[in-house]
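All remarks here apply to the structure that follows.
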Amino acid sequence: MSQGSNDFMFEDEAEMQFIEDNDEADDSQAVWRILVVDDDADVHLATEHALAGVDLLGRMPEFLHAYSAVEGLAILKNTPNIAVILLDVVMETQDAGLKLVDQIRHELKLTIPRIILRTGQPGYAPELDAIRKYDINDYKTKNDLTRNKLFTAVLTAIRAYDQMMRMEIYRQGLEQIVQGSSDLMVQTGLQAFSSGVIQQLSAVLGVDPEGVLCAQADLDHDCASNEYIVIAAAGRYQGLIQHQLDEIDDVQIRESLKLCFQKRSHLFEKHYAVLNFALRGNKQFAVYVKSRQLPSDIDRNLLEVFCKNVSICADNINLISHLKDSAYLDKLVGLPNRAAFIDAIDNCINNNLFSEYSVVLIDVDRFAEINNAFGHSYGDELLVECAKRLEESFGIDSLIARLSGDAFGMLGKSATLIPAQIRAAIQRPFAIGDTVEHSVSFSMGIVRLKDSHGKGQAVLKDANIARKLSKQAGSGSEVFYAPEMSSDAKERTHLLQHLHGAFGNGRLHPAFQPQVDLLTGKLLGFEALMRWRNEQNELIPPDKFIPLAEQSGLIIGMGTWILRDSLHFIRQLELEGWHDLTMSVNVSAVQFRKTDFLDILQAALHDTQANPKMLELEITESVAMMGQNLVETTLRKIRAMGIAIAIDDFGTGFSSLSYLDRLPLDRLKIDRSFVTSICENADSGRITDMIIQLGRSLGLRVIAEGVEHQEQAERLLAMGCSEAQGYFYARPMPAAELKTWLLDWKIKHSL
Ligand code: C2E
Ligand code: CA
Ligand code: CA
C-alpha cells in the first residue's frame with residue numbers, strides 16, 4: 001500500500017478490518033474498475049493520485065479515463081464490469097454528464113455500476129429528482145472531494161456495487177437451480193436423475209460436467225446398507241459407473257467421498273467439492289465434482305439451496321423407483337400405475353412446476369373390440385408394446401404410467417408432449433405374434449396443469465373429460481382441456497342426477513302428437529314424446545336429456561316406461577270408442593341392443609292388453625345400420641308380432657340405401673328439416689320428392705313430420721305424401737289435454 005493511503009486507514013478502522021476479513025486468496029488478483037469522465041485532465045490526475053494503490057474491500061482500483069461524455073459512452077460500451085463512474089456534470093454541454101447517466105441506465109441498460117456525479121460549480125447541482133431518477137449514488141462538488149471524502153464515497157459505492165453484483169449472481173444461480181430441479185423432477189430412473197444432478201451441479205459451479213455420484217447400494221430399498229456404489233459419472237470418470245466406492249482407484253475421490261458420508265456434510269477444497277445429500281430414512285448420497293476455486297459465500301448459499309432441492313427431487317424419484325415391487329407399479333407393462341401417477345402430478349404441483357407441465361391421457365380406440373377379435377393375450381401384448389414405444393420416445397424426460405385397462409398417462413413438459421409426436425411414436429402398425437400387422441388409433445385428452453385447478457386426482461378427471469370429448473370427435477383425435485369443459489360436464493352430471501330423481505318421482509310424462517291423413521283428413525294416430533318438468537316447473541327439452549339418458553343407460557328404463565304408458569293410453573282410448581288409432585314410440589339404439597328387448601315388448605303388450613297392430617316403433621337410420629344381421633333378425637321378430645316399424649328422421653343419415661330393401665319396414669318419416677324448407681328452396685323439395693318416390697317404390701308409407709303451414713301440406717300432397725304430423729295440426733299434448741282435443745276434432749270432422 002502506498003504511504004498516502006495510511007491516512008484513510010486511521011480514519012476508518014472498521015472499514016479496514018472488513019478488508020482484512022474479505023481478503024480471500026483467489027480474489028487478490030481482481031480489481032475494481034473505476035471510470036473517470038471529466039474534461040479537466042487535472043481531475044483525472046488528482047483522482048488517480050488519491051486512490052492509487054488503495055485497498056478497497058480487498059481489491060485494488062483500476063482506472064479508465066474519458067475526457068468527454070462521448071468518450072465515456074464508448075468505454076462503457078466496450079468494457080465490462082465497471083464498478084464506479086466518477087462523472088463530471090458540465091463537459092461538452094451544460095448537462096453532458098446528466099445525459100450520459102441517462103444513456104448508461106436506459107440505452108446500455110447498465111443498472112449495477114454506481115455513479116458519483118461531480119461538478120466544479122455548486123450552482124450546477126442536479127435536481128434531487130434527477131438523482132433519484134437515474135439511480136445516482138452520490139453527488140459532490142469538486143471542492144468537497146478531499147482525499148478522505150473521495151475514498152469514503154468510492155468505498156461506499158463499491159460496497160453497493162459488490163452487493164448488487166452478488167445479488168445478481170445469486171438471482172441467476174437460483175434461476176438455474178429452479179430450472180435444474182424442474183428438469184430433474186420428472187426423471188423416473190435413479191440413473192438418469194443422478195447424471196442430471198452432476199450436470200446441474202457443474203452448471204451451478206460454472207465448471208465442465210465432470211464428477212462422480214455415489215449412493216448407498218440400497219437407496220431404493222428400505223434397509224440401510226454400508227455399501228456405496230457409483231450410480232452416475234461424467235467426463236473422465238465415466239468408467240467408474242456401477243463400481244463400489246472401495247474400487248475407486250483415485251485416492252482423493254475415494255477418501256473424500258468416504259469422509260463426506262462419514263461426516264454427513266459437504267467438503268470444500270480448492271480443486272474439488274464433495275456435496276452431501278440427505279434423504280428420507282436417514283439415507284444419503286454424495287457427489288464429487290472438480291472445481292476451480294473455493295466457493296464464495298454466495299456459492300455456498302446457492303449450493304445449499306441446490307442440495308435441498310435435489311434431495312426433495314431424489315426422495316420423489318426414489319418414491320417412484322422404490323415402488324418397483326409395491327402397489328405403485330403396473331405388473332403387466334412394468335410402468336408406474338395410476339396411484340404413482342397421481343403422486344407424481346401432486347409432486348409437480350407442490351413444487352410449483354405447473355406452469356410448464358402437462359398431463360396427457362392416451363387411450364386405445366376400440367380396445368374392447370380388439371380384445372374380442374384377437375383374444376386377451378393379443379390385447380395384453382398390444383398394451384406392452386404401447387408402453388414400450390411411449391417409454392422409448394418419451395421416457396427420458398417424461399413420466400409414463402398405465403392408468404387403467406387401455407389408458408396410459410404421461411406427465412412432462414408441455415413443450416415435449418406434443419400430440420403429433422406422441423402419435424408418431426405409437427401409431428406405427430403393430431405386429432404381434434403371427435397375426436398380420438394391425439393399425440391402431442389413439443384418442444388423447446391433454447391438460448396443461450395451469451388450466452386445471454386441483455391436485456393429481458382432479459387433473460386426471462379433467463384429462464378424462466378431454467379424452468371423452470376426443471372420443472366423441474372420432475377415433476384418433478385429441479382435445480386440450482379447457483375449464484369450460486368441466487362446467488359442461490358438471491352441468492351434465494347435475495342434469496343426469498336430477499333426471500334419475502325425476503324418473504323415480506314420476507316427473508316424466510308422455511306427450512302425444514297426432515298424425516293425420518292429408519287426403520282424407522282422418523286421424524291416424526299419435527307419436528309419444530317424452531316430457532320432463534323439473535322441480536322449478538320448467539320443461540327440459542328432450543334433445544337435452546335424451547342423449548344423457550342414452551349415455552348413462554337410463555334410457556332403457558325410461559323407454560320401457562313410456563312404451564307401457566303409451567300402450568296403456570291408446571288401449572284406454574280404444575275402450576272409449578276410438579278405434580284404429582296407432583301409437584308410435586321412439587326406440588333408442590341402446591334399448592334395441594338389449595337382448596331382452598323383445599321380452600319387454602311382449603310384456604308391455606300383454607300387460608296393457610293393447611293390440612300389437614296399434615303399436616309402431618320409430619327407429620333411426622343408425623339403428624337400421626347397426627350390425628345388419630342382428631337388426632334384421634330382431635326386426636323380423638318384431639314384425640312377426642304384428643308391430644309396425646318406421647324409420648325416423650329419414651334422409652339425415654344416409655349412408656347406405658341397401659338396407660331399406662332388406663329390412664322389414666312399414667313407414668319412412670321425412671325429417672323435419674326437409675319439410676321446413678320444402679317451399680323455400682328447390683333442394684329440399686327435390687330430396688323430399690325423392691324420399692317419397694323411394695318409399696313408394698319400396699311399398700312403404702311415407703309421413704312428413706314438422707308440418708307447420710298449409711302450403712307445406714299442399715306441397716307434400718302434390719308430391720304424393722299423404723300422411724303428416726306437425727304444429728299445423730296439433731302440438732304434442734299430455735293425455736288429459738289430448739282427450740279434449742279429440743272431442744274438438746270429432747266435432748270439426750263430424751266423425
Ligand atoms: P323426433 O322423434 O324427431 O320427434 C319429433 C320432434 O319434432 C318432437 O320434438 C316434436 O315435438 C317436434 N315437432 C313436431 N311437430 C313439429 C313442428 O311442426 N314444428 C317443430 N318445430 N317441431 C315439431 P321433441 O318432443 O322435442 O323431441 C325431440 C327428440 O327427442 C325426438 O325427435 C326424439 O328423437 C327424442 N325423443 C323424444 N321422446 C323420446 C322417447 O320417448 N324416446 C326416445 N328414444 N327419444 C325421444
Ligand atoms: Ca320420432
Ligand atoms: Ca324426427
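In each ligand, atom 1 is the first atom listed, and ligand 1 is the first ligand listed. Numbering starts at 1 and runs along the sequence shown.
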Should we say atom CZ of Arg366 is surrounded by more than 12 heavy atoms from elsewhere, each under 6.0 Å from it?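 At most 12 heavy atoms, drawn from other residues, nucleotides or ligands, come within 6.0 Å of this atom.
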Is Lys471 atom NZ crowded by more than 12 heavy atoms from other residues, nucleotides or ligands, each under 6.0 Å away? yes
Check [X] against [Y] and note the closest heavy-atom contact, atom names and distance.
X      : Y      : answer
Ser722 : Leu717 : CA-CD1, 4.2 Å
Ile349 : Gly456 : CD1-N, 4.4 Å
Val675 : Ala704 : CG2-CB, 3.9 Å

Does either side chain, that of Ser443 or that of Asp365, offer a donor lying less than 3.5 Å from an acceptor on the other one?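 Ser443 vs Asp365: donor-acceptor pair found between side chains.
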List the atom pairs, with distances to 0.1 Å, where a side-chain N or O of residues 696-703 and a protein N or O form a donor-acceptor pair under 3.5 Å, not counting sequence neighbours.
from	atom 1	to	atom 2	distance (Å)
Ser697	OG	Gln693	O	3.4
Ser697	OG	Leu694	O	2.9
Arg701	NE	Glu723	OE2	2.9
Arg701	NH2	Glu723	OE1	3.4
Arg701	NH2	Glu723	OE2	3.2

For the pair Asn337 (side chain) and Ala340 (backbone), establish whether a donor and an acceptor sit closer than 3.5 Å, ignoring hydrogens and angles.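 At least one qualifying donor-acceptor pair exists.
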What atoms of ligand 1 come closer than 4.0 angstrom to any heavy atom of [X]?
X      : result
Ser588 : 44 (N)
Glu708 : 17 (C), 18 (O), 19 (N), 20 (C), 21 (N)
Gly726 : 15 (N), 18 (O)
Val707 : 18 (O)
Asp649 : 3 (O)
Ile562 : 41 (O)
Glu527 : 2 (O), 4 (O)
Pro732 : 11 (O)

Salt bridge (Lys or Arg N to Asp or Glu O under 4.0 Å) with Glu632: of Arg662, Lys637, Arg639, only one passes, and it is Arg662
Determine the sole option in Glu527, Glu621, Glu616 for which the salt bridge (Lys or Arg N to Asp or Glu O under 4.0 Å) test with Lys669 is passed.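 Per the salt bridge (Lys or Arg N to Asp or Glu O under 4.0 Å) rule, the option paired with Lys669 is Glu527, out of Glu527, Glu621, Glu616.
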Please classify the [X] to ligand 1 contact at 4.0 Å (heavy-atom distances, strictly less than): side chain, backbone, both or neither.
X      : answer
Glu705 : side chain
Asp671 : neither
Gln725 : neither
Asp648 : side chain

All N/O donor-acceptor pairs, side-chain side in residues 561-569, below 3.5 Å, sequence neighbours left out:
from	atom 1	to	atom 2	distance (Å)
Arg564	NH1	Asp607	OD2	3.3
Arg564	NH2	Asp607	OD2	2.6
Ser566	OG	Ile562	O	2.6

For [atom], tell me which residue out of [options] has the closest non-hydrogen atom.
atom                    : options                        : result
atom 43 (C) of ligand 1 : Asp565, Asn586, Thr620         : Asn586
atom 31 (C) of ligand 1 : Leu529, Ile555, Leu539, Leu508 : Leu529
atom 24 (P) of ligand 1 : Ala549, Pro542, Pro547         : Pro542
atom 14 (C) of ligand 1 : Arg531, Gln513, Met530         : Gln513

If you have a sec, read the angle at the Ca ion (ligand 2) from Glu618 atom OE1 over to Glu527 atom OE2, to 10 degrees.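 Rounded to 10°, it measures 90°.
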Can you give me the OD2-the Ca ion (ligand 2)-OD1 angle for Asp648 and Asn586, to 10°? 90°
Polar-atom distance check: Arg672 versus ligand 1, any N or O pair below 3.5 Å? yes
Below the 3.5 angstrom mark, is there an N/O of Glu550, backbone or side chain, next to an N/O of ligand 1? no
Report the relative orientation of the aromatic rings in Phe442 and Phe430; use parallel for angles under 30°, tilted for 30 to 60°, perpendicular for over 60°. tilted
Lys/Arg cation over aromatic Phe341: Arg338, 6.0 Å, 45° cone: no
Return yes when Pro541 approaches ligand 1 closer than 4.0 angstrom through a heavy atom, no otherwise.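 Pro541: no contact with ligand 1 (<4.0 Å).
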